[in-house]
**Student:** 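Before I ask anything, here is the structure I am working with.
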Amino acid sequence: MTDQVLPQVTDLPSTIAALKERFPNAVKDDTRSGYEGVIVDTACLQEFARVIRDEYGFNYLSSLTAVDYLGHGDHLEVVYHAFRVPSGGKPLVFKAQTDRQDAVIPSLVSIYPGADFQEREAYDLYGIHFTGHPNLKRILLWEGFEGHPMRKDYREAYYEQETKPFDSRWPGGHVFRGEEYNPFGHNVRYPAGFTLDDYKPVTEAEFQQGMALGVDIMGDPAFRTDRLLVNLGPHHPSTHGVFRMMVALTGETVESLEPVMGYLHRNHEKIGERNTWYGNMPFTDRLDYICSMCNNLAYAITVEQMMGGQVSVPYRAEVIRVLMAELTRITNHLWSIGFLLNDLGAFFTPALYAIQTREYILDFFEATAGARMMCNYMRIGGVYKDLTARIRSEAALINDRVRDMDTMEYLDKLINDRLPRSIDELDELLSESEIIKSRCIGVGLLPAEMAIAYSASGPLLRGSGVPYDIRRANPYSIYPELEFDVCTRPNGDIYDRYCVRLDEMRQSVRILKQILPRLKDTQGQPIFGGKTSYSIKVPAGEAYGFAENPKGELGFYLVSTGGGNPWRYHVRAPSFINLTPLGEMCKGQKVADVVAILGSIDIVLGETDR
Amino acid sequence: MYGSGILKGLGVTFRHLITTFIDDIQWLGRKRDVDVFQQKQSLANRGLVTVEYPDEKLAVPERFRFTPFLVTYNLDDPDYPGKDWCTSCGICAKVCPPQCIWIVRGTDPKTGRPKPEPEQFYIDIDICMNCGYCAEYCPFDAIKMDHNYELASYDRTSAHIHDKARLSREIRYWQSIAPTTAAEEEAARGGYDHTDVQKARKKAGLEPSRPDPRLAKPAEPEPVPTPVAVTEAPVAVPQVAAPKAEAAPAPKAEPAASAAADSETPPHPGWVKRGRRWIDPNAKVEPVRRKGKVE
Ligand code: SF4
Ligand code: SF4
């Protein structure tokens with residue numbers, strides 16, 4: 001990664017100009033109003049990708065997704081966002097278009113291995129065949145699912161109307177339950193020729209075929225053992241949710257591993273396209289439900305980007321947003337570090353210490369936003385409400401216990417005393433423990449080049465020594481004026497990821513300490529600069545907004561046709577894409593380490609499966 | 001030395017063990033006192049923070065949102081007893097992200113024209129995602145987020161669709177669970193009354209808004225409001241004025257119950273003490289009504 005030749009041309013317009021010269025007829029500007037980037041002919045897509053990676057330094061394919069333009073050109077489009085890592089800067093956006101009937105696009109997995117899961121997702125949800133993909137099969141849905149649900153002409157079983165609000169709710173709203181119209185057992189369609197009785201889930205042979213085995217397993221050649229296929233999960237406490245790993249073992253050693261996901265799939269994106277722009281905000285809470293504030297923020301900045309001059313976020317709102325985002329980062333890392341020992345097999349002592357501290361932050365969220373986890377706090381153009389003067393409760397139930405605290409005092413104590421104390425305590429408890437060190441150091445290795453190639457982000461990327469943090473690389477909100485360091489560790493193992501999270505919490509505290517005086521200075525200033533109407537319209541166009549979430553890069557790719565609902569609502573979920581290198585990281589490790597490696601990636605299934 | 005890291009870590013857990021006992025000894029016998037509870041829950045606490053649900057519960061802050069309820073005038077309101085605040089404008093039904101609000105707009109039986117009053121109002125609580133948008137965007141302060149999170153029931157098919165009767169609560173309830181917010185909203189409306197009522201009164205040449213009934217009769221020790229509410233204990237009325245004390249001219253009925261007798265002050269106006277616990281005398285009304293619905 002380090003000795004890569006840096007590109008001659010660094011700014012985006014001249015790069016695009018040079019690329020158009022290089023591919024005279026194949027690369028065209030995307031001239032639709034509100035769109036950016038270039039449209040690349042599918043015939044030379046792979047060549048194009050190789051050139052931008054090797055010659056222009058766009059070595060990180062962050063997001064790959066598809067859009068169905070039914071009725072707006074009647075084609076499917078795959079949209080790519082490539083970044084330079086670690087130098088940062090705006091992404092190069094390129095697109096490839098294909099026919100809806102016979103959708104074929106060359107796969108970029110050979111150039112960007114990080115495209116693997118994302119192409120499978122596009123295949124699953126849109127039915128686009130990526131030629132050359134090594135393992136093109138459904139990823140979120142199962143084989144017995146009929147159709148490709150993200151296509152615009154697909155209708156779900158409980159379909160009522162293209163977009164919300166539904167007409168049946170008002171003024172003649174006679175209540176019905178969706179279940180009455182979709183009786184259980186009669187609301188599923190199967191592909192033609194598919195019968196449940198004949199359905200066999202993937203066999204062991206197929207599974208191993210798909211997994212390109214042939215790794216050298218170190219060990220005693222005299223010790224003869226059978227290859228064994230083990231399912232870890234889906235119902236297993238170690239998997240942090242409903243998640244399955246199919247592991248091929250030789251003795252105790254992992255030969256290959258394939259994550260199987262989708263158990264929590266609810267087609268968040270389809271729901272998002274039916275929803276109004278505002279309606280999506282509380283749904284983003286349910287992605288990574290540990291970090292709802294950060295999800296809100298990423299969605300808000302994306303829509304704000306599309307609305308342009310129509311909204312302006314007041315300074316105090318930005319201060320509060322950063323306050324919330326950094327507190328959320330701490331809660332997430334506390335959670336993740338607390339559970340590290342669970343993953344290693346020692347249950348709950350550090351987890352409970354961490355959760356106890358997290359509770360204090362959640363108390364503050366609850367008093368400010370109204371909920372501990374499903375905050376729904378950010379608005380397009382600001383935040384929901386200013387901080388309360390006091391964090392106080394009113395008794396409403398029997399045996400209620402009341403508390404009453406001054407908010408600023410509480411934050412002051414929290415940030416200057418309680419959080420640093422708890423972080424130090426966890427550090428003291430865990431960092432030097434010989435057991436942890438021997439279980440974590442050198443396990444689950446992810447070298448820097450591989451981390452970039454696999455589009456890893458967040459602490460996973462920085463734990464591999466790549467100093468890439470979106471708060472610095474592509475700053476948003478008021479991060480430019482705040483002082484903090486991008487934490488990295490060089491080795492790319494579990495221990496380093498743990499250390500990065502610990503360091504990041506300290507950096508977050510450092511940011512929060514700078515936020516406190518700003519909060520005091522801006523007291524009483526407005527916190528909302530958007531539209532107050534209950535339904536907003538967003539100008540036609542596209543936007544990719546992304547933010548440094550605690551788990552990595554959370555991106556929203558939104559397309560508007562000018563109406564009250566998004567035409568396309570895509571979530572680039574860090575928990576999902578960070579799983580791409582999991583198989584590689586586990587190869588050659590012991591089966592007991594798999595769980596620790598998974599834990600060190602830090603996933604939340606609400607976001608992975610969407 | 002190998003093992004020193006582990007020992008250091010064990011030191012941390014040992015410290016936690018000790019502080020827990022120190023905590024226990026320090027609060028011996030007073031564990032359930034209100035002020036001790038607040039201490040234990042504060043940031044300075046180093047021992048146990050466990051809240052022993054359901055023997056004790058953490059009261060939720062004002063902005064806490066669970067499921068929505070509809071605001072009506074108090075049942076003992078002299079002019080508009082029990083009148084709905086909702087005008088069936090439909091904004092909440094439109095803004096609701098999972099579309100779980102169903103409203104039948106009212107019609108005037110004589111003219112057949114729509115009238116600003118919902119005929120029916122349903123919320124499917126199973127679908128409601130507790131986002132609070134309905135309360136945020138309602139232009140009439142007519143729908144608010146409840147704090148009662150204990151909604152378990154035996155029948156999911158009918159008990160979870162709340163109809164208008166089940167959803168409606170008196171404005172007094174909202175004022176009691178969210179006094180600050182309710183006061184802010186009242187100020188924004190320009191008075192205690194519903195905006196439409198204010199307009200109508202203005203037209204009729206009356207004072208636009210009547211004073212908040214909670215402030216209207218502060219001095220009477222034995223108030224004689226007509227207790228229309230089935231089991232609404234009339235005791236609630238004078239005591240509710242307590243949180244308002246510093247904002248409004250303090251009513252003389254406010255006894256200087258001080259910190260010394262803290263555990264003698266009800267955690268919530270109108271509550272009675274049973275043994276060592278405070279009990280809401282009205283709380284029994286709910287389950288009875290729900291049971292009736294299920295059958
Ligand atoms: S927004 Fe308010 S007034 Fe309008 S229908 Fe809903 S509850 Fe009634
Ligand atoms: S809280 Fe949200 S989901 Fe529930 S009824 Fe109100 S708007 Fe709908």
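By convention in this document, chain letters (A, B, ...) are assigned in the order of the sequence lines, proteins followed by strands, and residues within each chain are numbered from 1. Reckoned from all heavy atoms, side chains included, excluding hydrogens, waters and symmetry mates. Model, not experiment: these values are computed from the prediction.
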**Student:** I need the minimum non-hydrogen distance between A:Met281 and A:Asn296, along with the two atoms involved.
**Tutor:** O-ND2, 3.6 Å
**Student:** Charged N to carboxylate O under 4.0 angstrom, B:Lys57 versus B:Glu150?
**Tutor:** yes
**Student:** Can you tell me which of B:Asn130, B:Val49, B:Val60, B:Val95 forms the most heavy-atom pairs within a distance under 4.5 Å of chain A?
**Tutor:** B:Val60
**Student:** For A:Arg403, is it the side chain, the backbone, both or neither that has a heavy atom under 4.5 Å from a heavy atom of chain B?
**Tutor:** both
**Student:** Taking only Lys NZ, Arg NE, NH1 and NH2, and the carboxylate oxygens of Asp or Glu, determine whether B:Lys144 and B:Glu185 approach each other closer than 4.0 Å.
**Tutor:** yes
**Student:** For B:Tyr173, is the NZ or CZ atom of B:Arg169 found under 6.0 angstrom from the centre of its six-membered ring and inside 45 degrees of the ring axis?
**Tutor:** yes
**Student:** Quick check on the structure: residues of residues 117-127 of chain B within a heavy-atom distance below 4.5 Å of chain A, by number.
**Tutor:** B:Tyr122, B:Asp124
**Student:** Where do A:Cys440 and A:Leu344 come nearest, in terms of heavy atoms and distance?
**Tutor:** SG-CD1, 4.0 Å
**Student:** Checking side chain to side chain donor-acceptor pair (under 3.5 Å) for the pair A:Glu394/B:Ser176: CA distance, chi angles, key distance, verdict?
**Tutor:** CA-CA 8 Å; A:Glu394 291 292 327; B:Ser176 74; over 6 Å; no
**Student:** Return yes if some donor-acceptor pair links the side-chain N/O of A:Ser393 with the main-chain N/O of A:Val402 below 3.5 Å, else return no.
**Tutor:** no
**Student:** Under 4.5 Å heavy-atom distance to chain B, tell me which part of A:Ile391 shows up: side chain, backbone, both or neither.
**Tutor:** neither
**Student:** According to the salt bridge (Lys or Arg N to Asp or Glu O under 4.0 Å) rule, which pairs have a member within residues 366-388 of chain A, sequence neighbours left out?
**Tutor:** A:Arg316-A:Asp386, A:Glu359-A:Arg372, A:Asp363-A:Arg372, A:Glu366-A:Arg372, A:Arg379-B:Glu136
**Student:** Just say parallel, tilted or perpendicular for the rings of B:Tyr53 and B:Tyr149, cut-offs at 30° and 60°.
**Tutor:** tilted
**Student:** Heavy-atom distance under 4.5 Å to chain A: side chain of B:Tyr137, backbone, both or neither?
**Tutor:** side chain
**Student:** Report which part of A:Gln356 has an atom under 4.5 Å of a heavy atom belonging to chain B: side chain, backbone, both, or neither.
**Tutor:** side chain
**Student:** Side chain from CB out, backbone as N, CA, C, O: work out which of these in A:Leu430 comes under 4.5 Å of a heavy atom of chain B, or both, or neither.
**Tutor:** neither
**Student:** Counting heavy-atom pairs under 4.5 Å with chain A, which one of B:His147, B:Arg15, B:His160 comes out on top?
**Tutor:** B:Arg15
**Student:** With side chain to side chain donor-acceptor pair (under 3.5 Å) as the criterion, how do A:Tyr498 and A:Ser431 come out once you've worked through the C-alpha distance, each side chain's angles and the decisive distance to 0.1 Å?
**Tutor:** CA-CA 9 Å; A:Tyr498 158 79; A:Ser431 296; 2.9 Å; yes
**Student:** Drop me the distance from B:Ile6's CD1 to A:Ile436's CD1, to the nearest 0.5 angstrom.
**Tutor:** 9.0 Å
**Student:** So for A:Thr349, is it side chain, backbone, both, or neither that comes closer than 4.5 Å to the heavy atoms of chain B?
**Tutor:** side chain
**Student:** Measure distances from A:Thr368 to the heavy atoms of chain B and classify the residue's part below 4.5 Å as side chain, backbone, both or neither.
**Tutor:** both
**Student:** So which of B:His16, B:Lys8, B:Gln38 has the largest heavy-atom pair count under 4.5 angstrom toward chain A?
**Tutor:** B:His16
**Student:** Looking only at heavy atoms and a cut-off of under 4.5 Å, which of A:Lys437, A:Met405, A:Arg421 has the most pairs with chain B?
**Tutor:** A:Arg421
**Student:** With respect to chain B, which residue among A:Arg169, A:Glu432, A:Lys164 yields the maximal number of heavy-atom pairs within a distance under 4.5 Å?
**Tutor:** A:Arg169
**Student:** Using a cut-off of under 4.5 Å for heavy-atom pairs, which of B:Gln99, B:Glu56, B:Glu62 has the most such pairs with chain A?
**Tutor:** B:Gln99
**Student:** Could you check whether any side-chain N or O of A:Ser292 sits under 3.5 Å from a backbone N or O of A:Tyr289, counting only pairs where one atom can act as donor and the other as acceptor?
**Tutor:** no
**Student:** Verify, without hydrogens or angle tests, whether A:Asn280 (side chain) and A:Phe283 (backbone) share a donor-acceptor contact under 3.5 angstrom.
**Tutor:** no
**Student:** I need the residue from B:Cys96, B:Cys89, B:Pro139 with the largest number of non-hydrogen atom pairs under 4.5 Å to chain A.
**Tutor:** B:Cys89
**Student:** How about B:Phe14: does its CZ atom have over 12 heavy atoms from other parts shown lying under 6.0 Å from it?
**Tutor:** no
**Student:** Is A:Trp170 reaching over with its side chain to a backbone N or O of B:Ser88, donor-acceptor style, under 3.5 angstrom?
**Tutor:** yes
**Student:** Can any side-chain N or O of A:Arg418 pair as donor or acceptor with the backbone N or O of B:Leu43 at less than 3.5 Å?
**Tutor:** yes
**Student:** Can you sort out the partners of A:Thr357 under side chain to side chain donor-acceptor pair (under 3.5 Å), two or more places apart, ordered by chain and number?
**Tutor:** A:Ser422
**Student:** Step by step, work out the side chain to side chain contact (heavy atoms under 4.5 Å, CB included) result for B:Cys100 and B:Met129.
**Tutor:** CA-CA 9 Å; B:Cys100 66; B:Met129 65 200 295; over 6 Å; no
**Student:** Does B:Asp146 reach the main-chain N or O of B:Phe69 with its side chain, forming a donor-acceptor pair under 3.5 Å?
**Tutor:** no
**Student:** Does A:Ile435 have more than 12 heavy atoms from other residues, nucleotides or ligands lying within 6.0 Å of its CD1?
**Tutor:** no
**Student:** Using non-hydrogen atoms only, which part of B:Thr181 is less than 4.5 Å away from chain A: side chain, backbone, both, or neither?
**Tutor:** side chain
**Student:** Quick one: of B:Ala178, B:Ala93, B:Ser42, who has the most non-hydrogen atom pairs under 4.5 Å with chain A?
**Tutor:** B:Ser42
**Student:** What residue, out of A:Thr532, A:Asp417, A:Asp404, has the most heavy-atom pairs lying under 4.5 Å from chain B?
**Tutor:** A:Asp404
**Student:** Side chain from CB out, backbone as N, CA, C, O: work out which of these in B:Pro114 comes under 4.5 Å of a heavy atom of chain A, or both, or neither.
**Tutor:** neither
**Student:** Where does A:Tyr410 contact chain B at under 4.5 Å (heavy atoms): side chain, backbone, both or neither?
**Tutor:** both
**Student:** Can you name the residues of residues 268-279 of chain A that have some heavy atom under 4.5 Å away from a heavy atom in chain B?
**Tutor:** A:Asn275, A:Tyr278, A:Gly279
**Student:** Please state whether the side chain, the backbone, both or neither of A:Phe166 comes within less than 4.5 Å of a heavy atom of chain B.
**Tutor:** both
**Student:** Below 4.5 Å, heavy-atom pairs only: which of A:Met374, A:Glu160, A:Arg286 has the largest tally toward chain B?
**Tutor:** A:Arg286
**Student:** Tell me, for B:Ile101 versus chain A, whether the close heavy atoms (under 4.5 Å) come from the side chain, the backbone, both or neither.
**Tutor:** backbone
